[in-house]
Enquirer: 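Supplied in structure tokens, the structure appears directly below.
Remember, it's a predicted structure, so these values are computed and weren't measured experimentally. Values below: all heavy atoms of this structure, side chains included; hydrogens, waters and symmetry mates excluded. Naming convention: chains lettered A, B, ... in sequence-line order (proteins, then strands); numbering from 1 in each chain.
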Protein chains: 2
Amino acid sequence: MVAAGDPESFFATSPALRDASAVAANLQEFVACNSHVSSEGGGRRRIVCVTSGGTTVPLEQRCVRYIDNFSSGHRGAASTEYFLKAGYAVIFVHRRGSCQPFSRFLPDDSFLQFFDVTTDLKVQVVESQATVVKKAIGDYRKAIEGGSLLKLPFTTIFEYLQLLKMVATSMSSVGLHGMFYLAAAVSDFYVPWDSMAKHKIQSAGGPLDMKLSQVPKMLSVLRNQWAPLAFCISFKLETDSDILVQKAEMALNKYRMNVVVANLLATYKEEVVIISNGKSNTIRRCNKDEDLEEHIIKLLEKSHSKYIYSSTEGRNKNDYGKIIPLGIKSLA
Amino acid sequence: MVAAGDPESFFATSPALRDASAVAANLQEFVACNSHVSSEGGGRRRIVCVTSGGTTVPLEQRCVRYIDNFSSGHRGAASTEYFLKAGYAVIFVHRRGSCQPFSRFLPDDSFLQFFDVTTDLKVQVVESQATVVKKAIGDYRKAIEGGSLLKLPFTTIFEYLQLLKMVATSMSSVGLHGMFYLAAAVSDFYVPWDSMAKHKIQSAGGPLDMKLSQVPKMLSVLRNQWAPLAFCISFKLETDSDILVQKAEMALNKYRMNVVVANLLATYKEEVVIISNGKSNTIRRCNKDEDLEEHIIKLLEKSHSKYIYSSTEGRNKNDYGKIIPLGIKSLA
């Protein structure tokens, strides 16, 4: 097996993130404010970084063509809503244009069919949709005004990994109370910036032979260097059910994740397998109105509590989120 | 130079378009209704097919990864608005999720920041945006209710080319009164469906070596077989100004386009070069509030009139759109 690229050289050769200093300042403020807030259970408020949507891999420096990863961002957006409901502060690192929390029920492209102009020239929501829209706007406003949601957008793999590094290093101060919920569909292959065509690749030259390098496996770096105390959940999406669980277990061990959520492209809205510590739980949706994410986040919140509790046992007993009574049904 | 693939084998091996028969029925009805309507100038209403947004090239049959072409779809959406204003019926063949006519001024991802819930629990548009939203909704409703706008979405290169073929053959009945305004960013390279990996390509195998075939040049087929009488405009986007005009002129001659609109990635919102019949006109935007598309469509409408006029001279003089007085400033 050929080794994946080296993280340091990946960052050294990536194009710099735009507005990096403004992003860093926002992050610092968000983490500082939220880590001083008490949760409803009396402990410290926890912070989760939710990544969502697919990353792109530009094929040209002045980019016309790129490789993209399928992902609507629905899972990340829905999960963000349930994390907020569970009392977490959420850093939502998302692909530009992907599904957003509280607007996943709203039409994505028929916005104009959703509204009406009244005879007295007021814009209003068509009656049939009013309840959904009101709830969405209300919940969104509450999260933004309460300072518990920070949205950071990315498009390319270069932007995504730079953002992830910034978020992780900012969150290292919250230690065990931090969680990474890595639902983004991250490219495995890329073209290093310095070996990329400067201009649009011309089609007159016949078939295209493209050599792509492996993206360095940043899960190891996240776990070992950036945020060693955080509770880490990664996702595994496959199309072939024969290799899914095996690949998820490999990821759990290789990158020392706390949990891996495994899903198949064909059924990812109906079913996931939650793999943790050698055990696995299958969660299945009973009906279409139900969000699978509600169950996933409930399980993860409990596992995170247990993780904080077991890691702080014998230390400062007040330094964890909610107290987990003995015998509670948890993941492991 | 290696020849591009063969159109027939491209279609024979493409996955079938979903709902193809419903799309065909919609198209037939749209073309029939609109080709019997008189334009404001007294002639027959013209129909334009506007293509917009980028096509994707799946890399796996159960698609997780794909190559995409940069395109917001803004040009196609804006042009559709001006074509409708100029009296054309528009078939808007667009990438799913790309910019839509009449909603390009609306926020794409901050929908929720745009609306407010009043104290009596009504949803309303925040004051500052009310004028824009009202105009957008009004214009959109008018186009839809007037039956002059048909929207057909695509994602992959397979869907796009099948749709283009269906639209072109439906529009062949309107002859000279048809126009193709091919603003979509169409992939040059693709992986033929039958040689595509069935499952997600695994990253453990090291760097990826990808061989892509050339997409058949469908402009020739459109011009020669599908809609030989239509007025055809293609677009050329480059990143290198040194080769732009030369490549646009080549396309004009090679594919027998009536007009080629040439633009550079860096300046496509500010400036285009309209190339027709060996002559070129540069159109530049004077200020940011102006739409370059307004000028492009004005020019094209005149050229189309002239084209109909010159092609029908000596034939049935009533069979064209607007009468072009001699000496009018036109493209050629």
Enquirer: Output the distance between atom CG (Asp209(A)) and atom NZ (Lys211(B)), rounded to the nearest 0.5 Å.
Expert: 4.0 Å

Enquirer: Would you say Asp68(A) and Thr56(B) make side-chain contact, with heavy atoms under 4.5 Å?
Expert: no

Enquirer: What distance separates Phe70(A) CZ from Leu59(B) CG, expressed to the nearest 0.5 Å?
Expert: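 Going from the CZ atom of Phe70(A) to the CG atom of Leu59(B) covers 14.5 Å.
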
